[in-house]
Amino acid sequence: MLTALIIAIVIGAIAGWLAGLLVQGTGFGLVGDIVVGILGALIAGFLFPMLGIALALGGGLLGAIILAFIGAVILLVIVKVFKQITA
């Protein structure tokens, strides 16, 4: 259980950091990047199967990072658009 939590935090940190680099102007710091990455993994994990999209990477750590990264980018783009609308 503890190992799974640590792995989720590491994957979230990597995915959130990479997504923050791609989507400029949305940096949230280390803790924020971890949260964005974990939420991104949840978003992609929910959204992809509904759309019939499957990663052909066979899962594993790299597949989890890519899935979380894509979800985090989606989340950051939504946040960025919402910030621009409300500003």
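The two residues L67 and A41 have their closest heavy-atom pair at CD2-O, 4.4 Å. Residues A68 and G37 approach most closely at CB-O, 3.7 Å, considering heavy atoms. Across A72 and A19, no two heavy atoms sit closer than the pair CB-CB, 3.6 Å. Here the shortest heavy-atom pairing between I11 and A64 reads CD1-CB, 3.7 Å.
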Show the numbers, then the answer: is there a side-chain contact (heavy atoms from CB on, under 4.5 Å) between F69 and L22? CA-CA 10 Å; F69 168 72; L22 183 67; 3.8 Å; yes
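Cluster membership check: I43 does not share its hydrophobic cluster with F82, using side-chain heavy-atom separations under 4.5 Å among Ile, Leu, Val, Met, Phe, Trp and Tyr. Residues L39 and M50 are members of separate hydrophobic clusters, defined by side-chain heavy-atom contacts under 4.5 angstrom among Ile, Leu, Val, Met, Phe, Trp and Tyr.
Atom CD1 of I38 sits about 7.5 Å away from atom CG of L5, to the nearest 0.5 Å. Here CZ of F48 is found 4.0 Å from CD1 of I70. Values are rounded to the nearest 0.5 Å. The NZ atom of K83 lies 13.5 Å from the CD1 atom of I85; values are rounded to the nearest 0.5 Å.
Under the 4.5 Å side-chain criterion, counting only non-hydrogen atoms from C-beta, F46 is not in contact with L42. Residues V10 and I34 have side chains not in contact (no heavy-atom distance under 4.5 Å, counting atoms from C-beta outward).
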